[in-house]
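This report refers to the structure that appears directly beneath it.
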There are 2 protein chains.
Amino acid sequence: MTNRVRRTMPLLPISIVMQLTELTARQIRYYEEHKLISPARTEGNKRMFSLNDVDALLEIKDYLDQGLNIAGIKKLYDLKETPKNEKAEPKSLSDSELRKLLHEELKHQARPFEKGGFRQGDLSRFFN
Amino acid sequence: MTNRVRRTMPLLPISIVMQLTELTARQIRYYEEHKLISPARTEGNKRMFSLNDVDALLEIKDYLDQGLNIAGIKKLYDLKETPKNEKAEPKSLSDSELRKLLHEELKHQARPFEKGGFRQGDLSRFFN
DNA sequence: TTCACATGTTAGAAAACATAACATTTCGTT
DNA sequence: AACGAAATGTTATGTTTTCTAACATGTGAA
């Protein structure tokens, strides 16, 4: 009975994701357009979302509520994806550029990091 | 991260359920027509399935594979739903009638009960 | 063979979703 | 105050998905 769902499996149509996240279709598509999520597509080109996608959307929503903008969230994700390149080759954006960007966003009230990682989006708001 | 999904929440469109169960839309609708499942409906009348519905469909599929027919499966469910009425009022079908029906179906190779209950349909075939 | 059950197939209508364009709101900046 | 950019709303139009209903087919039991 206690199934750990394969959270990457594309199962949910956008209508359900709208309910789960309280986001509009417009918002969800906009976030995809800006590469914050990449939901799967059916053969007929309809978006199908995984539980991970829903978590990501909830996280995005939180960050936006905290005053971050799309670009800022994107940067956070880019950082998150390359945590091991401590002395690696320079990215497309210089470190100073990146820091400047983050600073701009974070001066409002957001605190992007908690020591050790990000707050995970949590579907348990809806499931139990 | 370990979310216990609310398994009764209608989340899945029929196309996904078809993939998960390897049943055709025709089959799924037929089982509903015969009251083996009762998926939710959207405002626009589209079926939306819960994880429990998927489990039920997998169970139905198993029973059919074992030689039961729809009527037999229905009886099993009806029995399952009233386990406490040991001396209750007679149902719409008499006990003998019911036993006869079951016997008819089960003489093939099916064994409807395992001691203590039914085999639960298990979504872990697809999730982990 | 015949009949009933389970499923396949097709047609036509409606719902859901897609993209794209333009409008609106909200803020920070000038 | 006006401007410009970001995020979202709104509308139009086309395609995909799902619906019901009807009829066809395959298969096993009588």
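Chain identifiers are assigned alphabetically (A, B, ...) following the order of the sequence lines, protein sequences preceding nucleic acid strands; residue numbering begins at 1 within each chain.
Residue B:L23 contributes atom CG, which lies 14 Å from atom C1' of C:dG8 at whole-angstrom precision. When rounded to the nearest whole Å, the span between CD of B:Q19 and P of D:dT18 equals 10 Å. In this entry the distance linking CZ of A:R26 with C1' of D:dA6 reads 11 Å, nearest Å.
Relative to the side chain of B:Q27, the nucleotides C:dC5, C:dT7, C:dC17 differ in distance, and C:dT7 lies closest. Here C:dT19 is the nucleotide among D:dA22, D:dT18, C:dT19 with the atom lying nearest to any side-chain atom of A:R29. Residue A:K46 places its side chain closer to D:dT16 than to any other of D:dT16, C:dT7, C:dA15. The side chain of A:R41 sits closest to C:dT19 out of D:dT8, C:dA15, C:dT19. For A:N45, whose side chain is taken as the heavy atoms from C-beta onward, the closest listed nucleotide among C:dT19, D:dA22, C:dA6 is C:dT19. For B:Y30, whose side chain is taken as the heavy atoms from C-beta onward, the closest listed nucleotide among D:dC19, C:dA6, C:dC17 is C:dA6.
Side-chain nitrogen and oxygen atoms of B:R47 include none within less than 4.0 Å of the OP1 or OP2 phosphate oxygen of C:dA16. For the OP1/OP2 pair of D:dA7 and a distance below 4.0 Å, the side-chain nitrogens and oxygens of A:Y31 include no atom meeting the criterion. The phosphate of D:dT16 (OP1 or OP2) has no side-chain N or O of A:T42 nearer than 4.0 angstrom.
A salt bridge is defined here as a Lys NZ or Arg NE, NH1 or NH2 lying under 4.0 Å from an Asp or Glu carboxylate O, and B:E33 with B:R47 fails to meet this definition.
DNA chain C is contacted by both A:E32 and B:T24; B:T24 maps to the nucleotide lying nearer its 5′ end (nearest heavy atom per residue). Of the two residues near DNA chain C, A:F49 and B:H34, the one whose nearest nucleotide lies more 5' is B:H34.
Nearest heavy-atom pair, B:K74 versus B:K35, reported as atom, atom and distance to 0.1 Å: CE-CB, 3.4 Å. Nearest heavy-atom pair, B:P13 versus A:L11, reported as atom, atom and distance to 0.1 Å: CD-O, 3.6 Å.
Looking only at distances, no side-chain donor or acceptor of B:T21 sits under 3.5 Å from a matching main-chain atom of B:L57.
Residues A:Y77 and A:E59 are in side-chain contact: their nearest non-hydrogen atoms beyond the backbone lie under 4.5 Å apart.
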